[in-house]
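So that the names make sense, note that chain A is the first sequence line, chain B the second, and so on, each numbered from 1.
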There are 2 protein chains.
Amino acid sequence: MTRGSGRDGSPGAPRSVDVARLAGVSQKTVSRVFNDEPYVSPEVRRRVLEAAEQLGYRRNNAARALASGRTRSIGVVTLGTALYGPASLLMGVERVVRDTGYALRVVNTMEGDPAGVTGAVGSLLDQGVDGIVISEPIEEEGSEGDLSVHVGVPVLVLGAPPPFTASTVLTGAGGADLMARAAVEHLLDLGHVTVHHLAGPQRWYAAKDRLEGWRATLAAHGRDEPPVIEGDWSAASGYAAGRELAADPEVTAVFAANDDMAIGLIRALTEAGRRVPEEVSVVGFDDIPVAAYVTPPLTTVRQPFDTVAQEGLKRLVHAIENPQAEALPASDPPVDLVVRASAQPPPPPRTPPGRRRRTAARSRESTSSSPLPKGGSSTHH
Amino acid sequence: MTRGSGRDGSPGAPRSVDVARLAGVSQKTVSRVFNDEPYVSPEVRRRVLEAAEQLGYRRNNAARALASGRTRSIGVVTLGTALYGPASLLMGVERVVRDTGYALRVVNTMEGDPAGVTGAVGSLLDQGVDGIVISEPIEEEGSEGDLSVHVGVPVLVLGAPPPFTASTVLTGAGGADLMARAAVEHLLDLGHVTVHHLAGPQRWYAAKDRLEGWRATLAAHGRDEPPVIEGDWSAASGYAAGRELAADPEVTAVFAANDDMAIGLIRALTEAGRRVPEEVSVVGFDDIPVAAYVTPPLTTVRQPFDTVAQEGLKRLVHAIENPQAEALPASDPPVDLVVRASAQPPPPPRTPPGRRRRTAARSRESTSSSPLPKGGSSTHH
DNA sequence: GTGAAAGCGCTAACAG
DNA sequence: CTGTTAGCGCTTTCAC
């Protein structure tokens, strides 16, 4: 090789020896300064820093990684969607990773991707990472145990059971069932006899957890479990579900597995003449940015993405840096039910065939209930 | 170093010499096989692959990068938000980067981050990347030229003028002004006398471009330019703007710089008794997933994130791999105005002080106009 | 407190 | 078609 074309492309990028020469010290000393190692006199440190500055020196990370066996980077596997939940989690993870001094490498898995999570993890391993975060994976057939032997770095799985065994596997972001419970109980507390569920695609663990939470809550309260409708997270699928649900007069309350579907659902119900929340109550999940501003303002469950990312990463980094130590314990994230206007008490018992309108509750809900942008969240459970 | 603790953490990870020994070839031959270099007999290739498989061999990327001077990775600087636009762009970029065989490193800049884009780029350079994508940066004070000398890798700036000079700077995702023009002209074509603008935060180039487009269009049509209201992209800020705008009977059409603000705006107008779209028309920007399902379904401009990412990355990779060659030309992305129900012709001229209701247009718009989830997009321009 | 020597695991030339 | 010889720019170990 012709000396040059360093990692920043410019041939002849300064190396630590250059800095050393200019500062009149040994190369090792430069290394010491840049690693904040002790035993460097302030004077020497100053000279080195100055020389480095003058030369525009940057440490070569590849060399560092090669020599030390650590890349100081963490890889994250995400679904390739701009869906609010996954995107928020990713942003949360990035922030924390950077704060911990690691670099972030990202690989997406697309739904239907043949290689899937397994492939993504492999690609991260190829790139070289010290730890891996798998964010809200979806279920895959086969390939479960494939990676078990090879994944030699700690893995943090957010929002799902570990899809395989690795040297160290941590899980985080549990408690989706508890959040679902809060939503369902809110509806039950309002007086609804039972609650329907508009589920997410069941290949997603996140969707499964919410469904389980709904089911368990209904069972705990001795209520009938109506048939589940499965959507695909999109408002369009919520809309389709709404058309079905609107035809069934028994439906007075629906818990949707995310806000997008809830919004599509509400629209379909409204178009079908079933007013929300007077006739049918709806609770969503996520608290997307517009949730407070749609009509009616959406009661929903807010997910603590930042907390989850922070807690999970803390444990992952701990596992990376203390390979022998016991894993730090996970804690359940808080449940945050945001009460707005889309869920209200059910209408009085129907008088069978002909429907009748109450006259009392006639106030225009959009005028009376202004949105609760932030404050109006009552922490439940 | 004690031999071991390879980049996958497991001490004693196999190296290429191990594979070579097992396959009975030289280490270089293993390298050849893994780099898909020509001149390896099929028989040898097979043996090498088999040995590698048996040992669970993975190339050490750090060593590769060190020896070759290329990291085969691209860094992207994004805003740390889960906002639909930036998140979609990031996902688009990830997909394309992976397809081109590069790895992706992500660094966020938070608003108000003192280091800002400059710091993020520096961090990417420290990590070692072959190219950089800066996605929708926001304006920063000072520090403009700081990086100019040091950035030795090609840089692609999406959605803004280059914030500094580097060896190679490409820009992409232009045309926001044209998209804004489509929105404004749609409103003008419907018969509105002028169009108000609910702008995004002007520190964002994306917001500025849209404002410029709006302004130019109004000028081109010889219309008055009403005062601009500036929001912060949030539905809450749109709501606040809506309360102001509702008080002004002159307002019959508003172009909002994103859908979230448009939705907040619509809510405020509705609450104030100004019906949308009968009395006030609103056009948004982005086409977020729920746009078709809010009330009324939102007419908006869809951004071609995938196209932009694809085109930009193609040019960036070209610049990386052909350092001497001319940069590939950029092309303006297509303009895609999605017409739904929130923009309609203006109400007939007002009869000054006392307002009067038309009786004709009284049909419940939500019942009559069902959303156009996909199909209803008319490509404009 | 500081330095010298020895690799980390791979790719780059060049020979055969 | 295949092997040999040198490093890439650091960190590590150990000596001073």
Side-chain angles (χ1 to χ4, degrees), chain A residues 1-21 23-48 52 55 57-72 125-128, chain B residues 1-21 23-48 52 55-72 125-128 130:
Chain A
M1 197 182 156
T2 58
R3 168 82 218 38
S5 115
R7 89 24 240 89
D8 80 342
S10 44
R15 299 151 303 160
S16 58
V17 257
D18 300 325
V19 176
R21 197 153 28 229
V25 297
S26 81
Q27 184 269 337
K28 171 65 207 175
T29 297
V30 175
S31 171
R32 284 212 179 83
V33 169
F34 275 86
N35 288 323
D36 276 323
E37 281 172 34
Y39 305 128
V40 185
S41 73
E43 159 60 7
V44 169
R45 163 166 273 118
R46 198 193 52 66
R47 280 215 321 272
V48 169
L55 259 30
Y57 170 72
R58 280 178 192 286
R59 261 187 312 201
N60 180 322
N61 220 273
R64 235 156 92 80
L66 179 56
S68 68
R70 296 184 44 200
T71 61
R72 287 149 241 264
L125 253 17
D126 279 344
Q127 293 175 41
Chain B
M1 190 182 161
T2 58
R3 172 78 219 29
S5 112
R7 84 34 234 87
D8 78 343
S10 45
R15 300 151 302 160
S16 59
V17 256
D18 301 325
V19 177
R21 198 154 26 229
V25 298
S26 81
Q27 183 270 338
K28 174 65 209 175
T29 298
V30 175
S31 170
R32 284 213 179 82
V33 170
F34 275 85
N35 288 323
D36 277 321
E37 281 172 33
Y39 305 130
V40 185
S41 75
E43 160 59 9
V44 168
R45 164 167 271 121
R46 199 193 51 67
R47 278 208 331 263
V48 168
L55 260 29
Y57 170 72
R58 280 176 190 288
R59 265 187 308 201
N60 181 321
N61 221 276
R64 234 156 91 81
L66 178 57
S68 68
R70 294 184 45 200
T71 62
R72 284 150 245 262
L125 254 17
D126 280 343
Q127 293 175 41
D130 295 341

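Contact record, Thr29(B) with Val40(B): CG2-CG1, 4.5 Å, taken as the closest heavy-atom pair. Taking each heavy atom of Thr71(B) and Asp130(B) in turn, the nearest pair found is N-OD1, 3.0 Å.
The closest side-chain donor-acceptor pair between Arg59(B) and Asn35(B) falls under 3.5 angstrom.
Of the side-chain N and O atoms in Ser26(A), one or more sit less than 4.0 angstrom from OP1 or OP2 of dG3(C). Considering only side-chain N and O atoms, Ser16(B) lies under 4.0 angstrom from the phosphate OP1 or OP2 of dC10(C). OP1 or OP2 of dC10(C) has not a single side-chain nitrogen or oxygen of Ser31(B) nearer than 4.0 Å. Look at Arg64(B) and you won't find any side-chain N or O under 4.0 angstrom from OP1 or OP2 of dC10(C).
Remark: DNA chain D takes part in the stems C:1-16 with D:1-16, each of 3 or more antiparallel Watson-Crick or G-U pairs, criterion distances under 3.5 Å.
Between the OG atom in Ser68(B) and the CZ atom in Arg70(B) there is a gap of 6.5 Å [rounded to 0.5 Å]. Atom CZ of Arg58(A) is separated from atom CD of Gln127(B) by 11.0 Å, given to the nearest 0.5 angstrom. Taking CG of Leu66(A) as the start and CG of Asn61(B) as the end, the distance is 11.0 Å to the nearest 0.5 Å.
Listed nucleotides: dT11(C), dA4(C), dC10(C). Nearest to the side chain of Ser68(B): dT11(C). Among the nucleotides dT2(D), dG9(D), dC10(C), the one closest to the side chain of Asn60(A) is dG9(D). With distances taken from any side-chain atom of Ala63(A) to the nucleotides dT2(C), dG9(D), dT2(D), the minimum falls on dG9(D). Closest to the side chain of Tyr57(A), out of dC10(D), dG3(C), dG3(D), is dC10(D).
Across the protein-nucleic acid pair, Asp126(A) atom CG and dC10(C) atom P stand 12 Å apart, rounded to whole Å. Between Gln27(A) atom CD and dT12(D) atom C1' the separation is 11 Å, expressed in whole Å. The separation between Glu43(A) atom CD and dT2(C) atom C1' is 14 Å, rounded to whole Å. Distance CZ (Arg70(B)) to P (dG9(D)): 16 Å, rounded to an integer number of Å. In this structure, Leu66(A) places its CG atom 8 Å from C1' of dC10(C), rounding to the nearest Å. Rounded to whole Å, the distance from CD on Gln127(A) to P on dG9(C) is 19 Å. One atom, OH of Tyr39(B), and another, P of dC14(C), lie 16 Å apart when rounded to the nearest Å. Between Asn35(B) atom CG and dA12(C) atom P there is a gap of 7 Å when expressed in whole angstrom units.
Side-chain N or O atoms of Arg32(A) include none that pairs as donor or acceptor with a backbone N or O of Glu37(A) at under 3.5 Å.
With a 4.5 Å cut-off on side-chain heavy atoms, Asp36(B) and Arg45(B) count as touching.
Residues Pro42(B) and Val17(A) each lie close to DNA chain D; by heavy-atom proximity, the contact nearer the 5' end of the strand is made by Pro42(B).
Below the 3.5 angstrom threshold, one finds a donor paired with an acceptor across the side chain of Arg32(A) and the base of dG3(C).
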